[in-house]
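Okay, so here's the structure we're looking at.
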Amino acid sequence: MVGGGQLARMTHEAGIPLGIRFKLLSDTPQDSAAQVVSDVVIGDYRDLDTLRAFAQGCDVVTFDHEHVPAEHLRALEADGVVIRPGVEALLHAQDKGVMRERLRTAGVPCPRHRIVADPEDVARFAAEGDGFPVVLKTVRGGYDGKGVWVVRGLEDAAEPFRAGVPVLAEEMVDFARELAANVVRSPHGQAVAYPVVESIQVNGVCDTVIAPAPGLSEELSGQAQEMALKIAAELGVVGHLAVELFETRDGRLLVNELAMRPHNSGHWTQDGAVTSQFANHVRAVLDLPLGDPRTRARWTVMTNVLGGDYPDMYGAYLHCMARDPALKIHMYGKDVKPGRKVGHVNTYGDDLADVRERGRHAADYLRGTITE
Ligand code: ADP
């Protein structure tokens with residue numbers, strides 16, 4: 001796996017029971033996955049020679065992020081390296097402009113959008129629809145709300161162009177909530193769909209995921225799953241695909257973005273589904289039969305732990321484990337930086353309010369924002 005973040009750490013964990021030999025290309029030995037994987041190459045994924053040397057002896061190469069340059073992926077494929085998902089699919093997770101164009105031609109509903117050339121063009125885009133505000137996004141390199149701007153007038157429109165990356169303008173969707181439809185597809189074309197989840201963002205960062213999405217009609221949930229399966233098949237995705245969706249106030253679904261790897265909206269599956277997204281990603285990239293995606297509890301809630309003022313971790317564990325013996329804690333071993341995702345907790349049960357409260361309490365306690 002290329003990339004040493006928490007997704008690689010948890011994918012590695014899921015491969016252990018299958019006896020899979022897992023090799024990692026990581027930026028530094030301190031990265032989340034590099035701390036736990038024994039076969040680690042430290043190197044830069046932007047360097048083709050490093051990638052070539054790393055891929056030697058791998059049956060299949062997969063990714064914990066979408067930042068490996070497409071030309072390097074093409075070169076590796078030309079060398080005969082098996083890359084899953086392949087570059088033609090991955091392009092749609094790397095570049096929001098390419099993704100929007102492809103989904104539009106496939107007839108998948110998306111927010112109104114187009115590539116804009118400069119601030120004046122943003123004003124024209126606004127005037128073509130309902131005016132400001134509009135959302136501007138750099139087509140590449142964004143994550144956790146970085147690379148996304150809500151622009152309220154011409155005067156704020158200059159900033160996104162400074163990075164020198166093409167800028168995509170989108171209508172500002174007045175959504176009721178955000179959902180994610182997660183599916184996994186294998187090279188054989190087998191696919192499984194997880195229950196559609198609700199994802200709650202705070203300051204552009206995922207905070208809580210509720211599985212299944214409360215109150216979602218069977219019709220919309222089926223539509224979301226079908227949409228995700230269709231995207232996976234049309235784009236030839238292999239592995240886990242997260243389709244982030246907006247549910248509009250008038251009951252429509254619009255695609256926000258795609259991720260072709262395990263995704264934060266699927267972390268609940270570690271403790272709430274028969275087969276986790278990580279286990280199914282491993283199975284898919286190895287072209288093994290996929291595992292059952294069904295839930296194990298009425299409700300499962302994933303709450304992210306963000307970096308804050310860490311108290312004594314041992315004390316926090318004593319408190320959280322004693323208070324809630326059913327709590328599932330997943331910490332990533334990452335250096336604490338304010339606002340950074342350093343772990344998550346999963347809670348499950350029959351009473352959603354209780355399941356949410358237990359997750360909130362544990363996440364806040366582990367972050368250090370509450371002490372009792
Ligand atoms: P990232 O690459 O950071 O995940 P996203 O495209 O998912 O970027 O945008 C981050 C957040 O910004 C979304 O989760 C959503 O809350 C908000 N957002 C993005 N696009 C729109 C839009 N067109 N209308 C309204 N809100 C949006």
Side-chain angles (χ1 to χ4, degrees), residues 3 5-7 63-68 90-104 108-116 122 125-126 128-153 156-157 159-160 163 165-182 196-210 213 224 227-228 231 240-250 252-267 302 304 306 339-341 344:
Q6 65 265 25
L7 301 176
F63 307 92
D64 125 313
H65 59 68
E66 40 270 315
H67 306 314
V68 180
L90 264 176
L91 283 176
H92 302 89
Q94 291 190 324
D95 186 309
K96 290 176 180 173
V98 173
M99 178 268 289
R100 284 274 177 256
E101 192 49 31
R102 182 73 176 78
L103 294 187
R104 197 179 56 75
V108 174
C110 291
R112 188 175 74 84
H113 64 274
R114 71 171 166 80
I115 298 287
V116 281
V122 176
F125 174 82
E128 287 156 19
D130 297 332
F132 285 104
V134 298
V135 177
L136 297 184
K137 301 178 175 182
T138 50
V139 295
R140 285 188 297 276
Y143 67 97
D144 285 352
K146 294 177 183 67
V148 177
W149 292 262
V150 175
V151 172
R152 304 196 180 273
D156 321 327
E159 172 71 21
V165 176
V167 175
L168 178 73
E170 293 181 356
E171 68 173 297
M172 173 102 183
V173 178
D174 179 26
F175 55 80
R177 58 176 170 173
E178 295 186 63
L179 304 172
N182 290 338
V196 177
V197 297
E198 174 172 349
S199 98
I200 299 166
Q201 325 286 318
V202 177
N203 301 326
V205 180
C206 174
D207 178 78
T208 305
V209 171
I210 306 173
M227 215 186 268
I231 293 169
H240 188 266
L241 168 72
V243 179
E244 294 181 16
L245 297 159
F246 297 125
E247 183 184 359
T248 64
R249 294 188 192 280
D250 56 358
R252 289 172 304 129
L253 296 174
L254 300 174
V255 171
N256 175 26
E257 69 163 345
L258 308 180
M260 291 176 198
R261 50 171 169 74
H263 189 254
N264 202 168
S265 63
H267 290 358
M302 188 281 330
N304 274 329
L306 299 185
R340 188 183 200 198
K341 292 172 187 167
H344 66 271

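Just so you know, ligand 1 is whichever comes first in the structure, and atom 1 is the first atom listed for that ligand.
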Flag, side chain of Gln94 to backbone of Glu66, donor-acceptor distance under 3.5 Å: yes
Any donor-acceptor pair under 3.5 Å linking the side chain of Gln201 with the backbone of Cys206? yes
Partners of His65 by ring pair (Phe, Tyr, Trp, His ring centres under 6.0 Å), sequence neighbours excluded? Tyr45, His67
The reported gap from OG in Ser265 to CD in Glu244 (rounded to nearest 0.5 angstrom) is 6.5 Å
Taking the side chain as every heavy atom from C-beta outward, state whether Glu170 and Lys96 have any atom pair closer than 4.5 Å. no
Nearest-0.5 Å distance, CG of residue Leu258 to CZ of residue Arg100: 8.0 Å
Within the 4.0 Å heavy-atom cut-off around ligand 1, the contacting residues, ordered by chain and number, are Lys96, Val135, Lys137, Gly142, Tyr143, Asp144, Gly145, Val148, Glu170, Glu171, Met172, Val173, Phe175, Glu178, Gln201, Glu244, Phe246, Asn256, Glu257
